[in-house]
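Take a look at the structure set out below.
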Protein chains: 2
Amino acid sequence: MPSGRASDRAYESLRDEILQWRLAPGTVLGEVEQAARLGVSRTPLREALSRLLADGLVEAQSGRGLVVSSADVSDVRGLFELRAALETAAAALAAERREASVFSALAAEFEGAALLVGRHELDAYYDLVTRFDEAIDASVANPALVGALRGVRTHLQRIRRLAQDDPARLERAAAEHRLIAEAIRDGDAELARHATAVHLHASLRHILEATASDTKESR
Amino acid sequence: MPSGRASDRAYESLRDEILQWRLAPGTVLGEVEQAARLGVSRTPLREALSRLLADGLVEAQSGRGLVVSSADVSDVRGLFELRAALETAAAALAAERREASVFSALAAEFEGAALLVGRHELDAYYDLVTRFDEAIDASVANPALVGALRGVRTHLQRIRRLAQDDPARLERAAAEHRLIAEAIRDGDAELARHATAVHLHASLRHILEATASDTKESR
DNA sequence: ACAGACTTAAATGTATACACTCAAGCCCGG
DNA sequence: CCGGGCTTGAGTGTATACATTTAAGTCTGT
């Protein structure tokens, strides 16, 4: 019933488990152990681990042994520095490409996104954000830049667990996204760049505050 | 005589050959063929190919078979868009870190770099650029951003072959580097960002003009 | 009792044998 | 002569056996 290659199944299984925190940071991934658990032999498992290593989801631990890489607040700042560099550039480039119709429609959708959040249709909202990212990727039309963005988004998916879904924040995020979409629609590269910077600044600040209160609660 | 792991040897051999254009873009890399040629078995060779795939130096060709990825002018523009996004951010962050002494020394070295180029000590000049990049990486102190930069620099190394060593251009590049180093030394993030953008713009323009004349000559 | 070296076991690194898929070439039929 | 299906082979995907390295634990000698 699973798809073709054993190495793909192993990769996707491990990747999902890491992103969903079912495999916690620091977990040791022994080859024989994981191969037995996932029902594949060591050869395809090693290929899966290679890909995860390239993704930065696992890292070599002092010469011998692979462990799930860390994903705590200290990593978030650096990740957001990279994210800001890439996404501001991508937004500006998308604006320069002048594909107004797609982003006009997305801007209208973000205008109504507060309703989605209010009605607790969070999946629909996250889907909208995903389509927005895909529209930017398509407009940028730059494999190297889009590839770098994909890597960053992978790690962000794991961090999202740190910032619980906060409806008030999501409503503000929707407004920020709307502004970006409108700037791209209007071909205003500088505004798109700055609106993206503002959005990411607010997003990082929210995550840092949320994790700070988490620490307080768990004392 | 070579270092420990067979997979490392295979990876470094193939990587060097690709970067030096001894393996041309489009070359098919059969597993048994390359394993025999490099004197390793298929298992470590496959790991080497996995890493090259992650680096973007090889790519899957329509389902079956790996080939050396392309590296022509059409790829250069996109690569420089990514490079500009990353290096302007890195330069600005390095300036904010305010480690003046390192960049003060580098600025002085770039001041005398025209002499190196004039005396045809190009290796010494390239070494200086490498140390400059390493100083920025160390100041940025951001594994995610530095990792992305490493990937870009790998591809740039392959493209450098497209732009032949032009002493006049290198002298101007040294002056541009000097300006960046001085801006970082002075903690002027915005100037560091803009000076980097200027340098990359000039560098891209030079490559595009060089390749255009190459095309003309080879008719 | 402590330090150092040796043993041993577990985990990774490597090689090879086997299975399976896909593609190209050939043969047969219309 | 052309088209379709089958055969065959090359090459990748997987499993497993073997080699090697490293780290931990113990034992012995001082």
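We use all heavy atoms of the structure for the numbers below, so side chains are in, but hydrogens, waters and symmetry mates are not. Proteins come first, then strands; the chains are lettered A, B, ... in the order of their sequence lines, and each starts at number 1.
For the residue pair B:Val40 and B:Ala6, the shortest heavy atom distance occurs at CG1-CB, 3.8 Å.
Between A:Ser7 and the phosphate of D:dG13, there is no side-chain N or O to OP1/OP2 separation shorter than 4.0 Å.
Checked for salt-bridge contact, B:Glu17 and B:Arg37 meet the test: a charged N lies under 4.0 Å from a carboxylate O. Between B:Glu121 and B:Arg119 there is a salt bridge, with a side-chain nitrogen of the basic residue lying less than 4.0 Å from a carboxylate oxygen of the acidic one.
Atom CZ in A:Arg5 sits roughly 13 Å away from atom C1' in C:dC22 (whole-Å rounding). Here the P atom of nucleotide D:dT12 and the CD atom of B:Gln61 are 12 Å apart, to the nearest Å. Straight-line distance from the CD atom of A:Glu31 to the C1' atom of D:dC18: 15 Å, rounded to whole Å. Regarding B:Glu33, its CD atom lies at a distance of 21 Å from the P atom of D:dG9, rounded to whole Å. The CG-C1' distance, from A:Leu49 to C:dG13, rounds to 14 Å in whole Å. Rounded to whole Å, the distance from CD on A:Glu47 to C1' on C:dG13 is 16 Å. The distance between atom CZ of B:Arg46 and atom C1' of C:dT16, rounded to the nearest whole Å, is 14 Å. Taking atom CG on B:Asp8 and atom P on C:dT14, their separation rounds to 8 Å, with Å as the unit.
Atom CZ of A:Arg150 has 12 or fewer neighbouring heavy atoms from other residues, nucleotides or ligands inside a 6.0 Å radius.
If you check C:dA11, D:dT16, D:dG11 against the side chain of A:Val32, the one that comes closest is C:dA11.
A donor N or O paired with an acceptor N or O is found under 3.5 Å between the base of D:dG13 and the side-chain atoms of B:Arg42. Side-chain to base pairing of B:Thr43 with C:dT16: one donor and one acceptor N or O lie within less than 3.5 Å of each other.
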